Amino acid sequence: MMKDQKAFDPKSFEDKIFEKWTRQNAFSAKVNPNKKPYCIIMPPPNVTSAAHIGHAMDGTLQDILIRTKRMQGYETLWQPGTDHAAIATEYKLVEKLAKEGKTKESIGRERFEKEAWAWYDKYGDTIMSQFKKMGFSADYSRYKFTMDSTSTDAVLEAFIRLFNKGLVYRGKRMTNWCPNCGSAVSDEEVEYIEEKSHMWHIRYKFADNDGYIVVATTRPETLFGDVAVAVNPKDKRYKNLIGKYLIVPLVNRKIPIVADDYVDKDFGTGMVKITPAHDPNDLEVAKRHDLEIISVIDKFGVLTVQAGEFAGKKAIDMRDEIVEKLKGQKLIEKIEDYSHSVGHCYRCKQAIEPMITEQWFVKMSDLAKPAIECVKNGQLKIFAKKFEKNYLHWLENIQDWCISRQLWTGHRIPIYYCQSCGNIYTSKKPCNCPKCGSNNYVQDEDVLDTWFSSALWPFSTLGWPNDTPEMKYFYPTNVLVTGYDILLFWVTKMVYMGIECTGKVPFYNTILHGLVRDERGRKMSKSLGNGIDPLVVVNDYGADALRIALIKDMSLGMDSRFGETKLENARAFLNKLWNASKFVSLNADKFGYTELKPDQLNDIDKWILSKLNNLISNVTRNIDKYDIGVAISNIINFIWNDFCDWYIEFVKVDLKSDRATIVSSVLVNVLETVLKLLHPFAPFTTEFIYQEFCHEDLLMLADYPVFDNKLKYKKEELFIEKFIELIRNIRNYRNKIGIQQTEKIIITTSNQNFKLVEYLKKLTNAKDLIYEKNEKLEIISEIGMFGIKFEETKNEAKKKLYEEIEKVKHEISRSEGLLKNPGFIAKAPKTLVDAEKKKLEKNKELLNSMMGAKCE
RNA sequence: GGAAGUUUAGCUCAGCUGGGAGAGCGCUUGCCUUACAAGCAAGUGGUCAUAGGUUCGAGUCCUAUAACUUCCACCA
């Protein structure tokens with residue numbers, strides 16, 4: 001067991017500990033009216049692939065909160081699940097089928113859906129087993145999936161409610177079309193990428209003479225769809241051209257020159273070709289001028305018959321050929337280099353084609369209002385606060401949400417078209433037309449945007465629309481933890497759908513963390529090959545090291561870097577804890593341990609207990625503020641510095657004395673308390689060590705430590721801090737003058753009342769401490785004057801003393817300057833002025849004694 | 001074009017409501033001191049991006065500037 005094991009070896013116990021938790025159902029949540037509920041709904045990872053390091057951080061943060069609250073006596077539910085990610089999954093499935101020489105059409109919708117489910121199950125299982133490896137204490141028995149029956153029921157209910165309220169409508173509008181995915185995508189799913197391209201200046205001849213004008217375009221292949229050329233009405237150059245007609249090159253169609261404010265007369269040539277079928281702005285112009293809409297690119301990105309000889313070929317591939325042809329006809333004025341941003345599908349990275357299609361939309365104006373309000377009035381808080389601006393700005397300017405997707409993966413839209421009477425109706429299950437009773441109906445072919453089901457996730461997982469005990473007890477949930485990158489995609493949707501469907505905000509607090517970048521600060525990506533597999537890390541360093549490395553330097557809303565250095569550091573810390581525990585355990589076996597009795601404690605014991613007590617309040621406060629990185633740093637500093645470097649070193653003295661049982665008891669007490677504080681961060685290691693102390697119960701279900709006023713030993717705490725300073729001074733001093741740490745020295749002091757002799761000797765490696773005044777060198781501390789006996793005076797000693805004197809002199813002049821300043825005396829707080837005066841006095845005394853010390 | 005964030009030691013980052021610059025890693029020196037060399041002790045290292053301002057006092061508040069990052073919008 002631990003005592004026989006030289007070093008921390010997480011592989012030897014992690015799986016066993018997890019089994020133990022599982023066997024005791026330690027993760028399971030029940031509706032328990034005797035306890036306060038605390039609930040976190042896990043953001044569902046996409047089933048497109050295994051979990052990555054970002055999920056590891058996201059989950060670690062949630063697990064820390066859940067485990068802390070569980071120990072603090074809340075009934076905690078951490079609700080896990082996964083998301084079907086329609087577009088992304090369909091993309092991967094189609095890719096997979098292509099490798100097998102099939103297409104989705106060739107196997108048909110039914111078989112395709114079967115394939116999809118096999119995929120969902122495979123990755124859902126993979127992700128959950130990864131989460132278990134990382135120690136995430138979610139209630140896996142409640143695993144949900146955005147396509148399972150409960151989620152489907154919620155989706156149908158929500159859709160029908162919105163439809164009946166008139167908040168869902170169908171419209172023929174300009175939408176973002178991904179020719180590669182063969183589907184519309186929402187505004188949020190379009191990613192603008194800066195691309196180097198050209199601006200082609202094309203000549204358009206007049207209909208009635210040989211003259212021409214020049215328009216500039218970045219998309220020459222759309223010219224077949226031109227229905228006008230627009231100029232700004234205020235543009236004097238072209239005023240007399242308005243109303244004249246031009247001929248579209250290559251297709252020889254006659255189009256008018258119109259005037260419209262939309263045109264910027266200073267951009268390009270001040271003339272814009274209007275292609276309403278493939279540009280949202282052009283469409284607006286066309287509407288104003290009652291122009292025809294000519295579609296030249298179809299759903300596959302292929303040119304239509306309108307493109308004449310180019311029809312049937314991919315529009316993007318034909319660009320150069322079209323330009324060549326124009327060149328041949330001397331219709332190209334010039335070609336400029338030009339870089340502009342082009343919309344791309346965020347999944348498949350192909351260029352988006354704006355296209356007029358018929359889609360279903362959710363009307364946003366009414367839904368957005370309460371979602372804005374709840375953040376403004378503080379009902380819903382966003383951490384870090386800076387993101388509230390983004391959130392509000394987004395919702396205040398939101399456009400209607402396109403929710404239909406031309407895919408087979410996802411929830412099929414519950415809309416039916418009666419073939420007999422033309423009625424359009426919605427229903428949870430296929431049913432005869434409610435208007436004419438006909439059974440001749442068809443369901444809409446499209447599926448819903450994945451985010452439609454994700455938007456319902458905080459309550460669909462709890463059983464909504466049914467009035468389940470879970471809904472009553474756990475909803476609204478307490479906190480949502482996710483990356484700031486999906487604040488606008490997802491968080492906003494959950495809020496307005498939550499308020500619309502349940503009348504309540506879905507969660508009170510939102511924590512937004514940053515992205516995990518690689519050690520050099522680069523985004524992790526497949527193309528760079530710098531991605532890190534969490535399971536590989538768990539295998540190499542252990543789950544707890546992974547967790548600590550991920551969150552230690554994290555601050556909310558900021559990207560963080562991650563790599564070997566941090567992992568090694570985290571593992572070193574756990575190894576330190578391991579060895580400290582071994583030390584405590586060995587001594588506990590040898591000397592036993594009891595309840596602490598205050599009258600048996602000396603100043604050093606009180607010091608560590610008081611420090612521990614402070615730690616409890618700091619950690620608790622920081623976790624409540626979601627300063628998770630600060631909280632873990634507090635704990636690490638306490639364990640490594642206060643407990644290991646000082647307290648354990650101090651008590652090595654006591655363990656050889658009749659105080660052995662007393663300090664052994666303090667050691668056990670401090671260790672167990674700190675294990676509890678650390679448990680949410682490093683669950684495996686702490687649980688394992690705790691079990692080594694022969695506990696029947698689980699650490700993860702133990703009571704969380706609370707600040708205890710009785711353990712506040714302010715005086716002793718300060719005194720020992722001074723004592724530690726003294727030891728540091730002596731070590732520093734002897735080091736500077738070249739007496740090695742291993743070499744025994746004799747310390748002298750004039751402080752007859754000094755009681756901590758044995759500790760001082762042990763920690764400075766002194767042979768003896770003798771009472772004697774007027775040493776060659778004096779070390780001043782508030783505890784007294786100490787010196788080191790030398791056989792010879794050394795030059796370094798003189799130098800050192802000189803340096804010290806200079807330092808004190810500097811301090812004196814600083815204090816004097818400050819105290820001479822009338823403004824400071826008048827306006828600074830009294831306590832500060834008094835403290836400064838005291839400091840001055842003390843330093844003057846110190847200087848005197850130093851000047852008195854002689855170096856021969 | 002609009003907005004937000006960042007800028008502190010060689011590197012990664014802390015620094016709460018303004019009151020003497022911090023940690024870890026790295027580096028230097030000395031140590032296997034019977035829990036731990038994944039360790040111990042000591043040390044080196046910063047005009048807190050720049051310029052102004054408010055204040056008795058500014059890393060901290062205000063105003064500009066610069067660099068980097070991100071989000072939003074997008075003019076053909």
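Letters A, B, ... are given to chains in the order of the sequence lines, protein chains preceding strands, and every chain is numbered from 1. Since we're looking at a predicted model, the values are computed, not measured.
- By the 6.0 Å contact criterion, CD on A:Q399 is open, its count of non-hydrogen atoms from other residues, nucleotides or ligands being 12 or less.
- At a cut-off of 3.5 angstrom, the base of B:rA35 holds at least one donor-acceptor pair with the side chain of A:E649.
- Between B:rA35, B:rA76, B:rA42, one nucleotide has an atom nearer to the side chain of A:N735 than all others, and that is B:rA42.
- Using a 4.0 Å heavy-atom criterion, one finds that A:F562 contacts no nucleic acid atom at all.
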Next item on the list: Report the C-alpha separation of A:E564 and A:R571 in whole Å, then their side-chain angles, then the decisive distance to 0.1 Å, and conclude whether the salt bridge (charged side-chain N to carboxylate O under 4.0 Å, His left out) test is met.
Entry: CA-CA 10 Å; A:E564 302 280 319; A:R571 185 178 53 185; over 6 Å; no
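- Taking side-chain N and O atoms only, A:R728 has a distance below 4.0 Å to OP1 or OP2 of B:rA42.
- Distance from the side chain of A:Y192 is smallest to B:rC74 among B:rA76, B:rU70, B:rC74.
- In this structure, A:F643 and A:F638 have parallel ring planes: the angle between them is below the 30° cut-off, well short of the 60° mark.
- Here the P atom of nucleotide B:rU33 and the CD1 atom of A:I648 are 17 Å apart, to the nearest Å.
- When distances run from any side-chain atom of A:M558 to the nucleotides B:rA14, B:rA76, B:rA73, the shortest one goes to B:rA14.
- One atom, CD1 of A:I548, and another, P of B:rU12, lie 22 Å apart when rounded to the nearest Å.
- Between B:rC74, B:rU6, B:rC36, one nucleotide has an atom nearer to the side chain of A:N575 than all others, and that is B:rC36.
- The residue A:K576 sits close to a base: some heavy atom pair falls under 4.0 Å.
- Across B:rG15 and B:rU60, the matching P atoms stand 15 Å from one another, rounded to whole Å.
- Remark: A:K389 is not positioned above the aromatic ring of A:W394, lacking an NZ or CZ atom under 6.0 angstrom from the ring centre and at most 45 degrees off the axis.
- In this structure, A:Y733 places its OH atom 19 Å from C1' of B:rU29, rounding to the nearest Å.
- At the heavy-atom level, A:V584 lies nowhere under 4.0 Å from the strands shown.
- Rounded to whole Å, the distance from CG on A:N281 to C1' on B:rA76 is 9 Å.
- Comparing B:rA49 with B:rG10, their P atoms sit 13 Å apart, to the nearest whole Å.
- Distance from the side chain of A:H393 is smallest for B:rC72 among the nucleotides B:rC13, B:rA76, B:rC72.
- Within the 4.0 angstrom heavy-atom criterion, only backbone atoms of the sugar-phosphate kind lie near A:K566; the bases stay farther away.
- Judged by atom type and distance alone, A:S341 reaches the base of B:rC74 through a side-chain donor-acceptor pair under 3.5 Å.
- Minimum atom distance to the side chain of A:A572 is reached by B:rG39, of the listed B:rC36, B:rG39, B:rG5.
- Phosphate proximity of B:rA35 to A:K652: present, with a side-chain N or O under 4.0 Å from OP1 or OP2.
- The residue A:I636 sits apart from the nucleic acid: no heavy atom pair falls under 4.0 Å.
- Following rounding to the nearest Å, A:N397 (CG) and B:rA3 (P) show an atom-to-atom distance of 13 Å.
- Only A:F267, A:G270, A:V272, listed by number, bring a heavy atom of residues 265-279 of chain A to less than 4.0 angstrom from any atom of RNA chain B.
- Pair assignment for B:rC25: B:rG10, on the basis of Watson-Crick or G-U wobble contacts that are both within less than 3.5 Å.
- For B:rG5, neither phosphate oxygen OP1 nor OP2 lies less than 4.0 angstrom from any side-chain nitrogen or oxygen of A:Y484.
- For B:rG43, the OP1/OP2 oxygens have a side-chain nitrogen or oxygen of A:N732 closer than 4.0 Å.
- The residue A:S555 sits close only to the backbone: its heavy atoms come under 4.0 Å of sugar-phosphate atoms, none of a base.
- Residue contacts for A:P822: at a heavy-atom cut-off of 4.0 Å it reaches no nucleic acid atom on any strand shown.
- For the P atoms, the distance from B:rC16 to B:rU33 is 43 Å, rounded to whole Å.
- Looking at heavy-atom distances under 4.0 Å, A:F8 makes contact with a base.
- The ring pair (Phe, Tyr, Trp, His ring centres under 6.0 Å) search around A:Y484 returns A:F387, not counting sequence neighbours.
- Rounded to whole Å, atom P of B:rG57 lies 21 Å from atom NZ of A:K830.
- Between the side chains of A:D226 and A:T275, at least one donor N or O lies within less than 3.5 Å of an accepting N or O.
- In this structure, A:L726 places its CG atom 16 Å from C1' of B:rA42, rounding to the nearest Å.
- Distances were taken from every side-chain heavy atom of A:R731 (C-beta onward) to each of B:rG39, B:rA42, B:rG19; the shortest belongs to B:rA42.
- Using a 4.0 Å cut-off, some side-chain N or O of A:W640 falls inside it from OP1 or OP2 of B:rC40.
- Nearest nucleotide to the side chain of A:N569, out of B:rC25, B:rA41, B:rC72: B:rC25.
- Taking atom CG of residue A:N587 and atom C1' of nucleotide B:rC36, one finds them 14 Å apart after rounding to whole Å.
- Looking at A:H340, its side chain never comes within 3.5 Å of a backbone N or O of A:Y338 through a donor-acceptor pair.
- Within the nucleic acid shown, A:K6 has no heavy atom closer than 4.0 Å to any nucleic acid atom.
- Centroid-to-centroid, the aromatic rings of A:W578 and A:F688 come within less than 6.0 Å.
- Between B:rU47 and B:rG59, the two C1' atoms lie 12 Å apart (nearest whole Å).
- For the pair A:K652 and A:F583, the cation-pi test (distance below 6.0 Å, angle within 45°) is passed.
- Comparing B:rC13, B:rA38, B:rC75 by their closest approach to the side chain of A:R571 singles out B:rA38.
- A 6.0 Å sphere centred on NZ of A:K625 holds more than 12 heavy atoms belonging to other residues, nucleotides or ligands.
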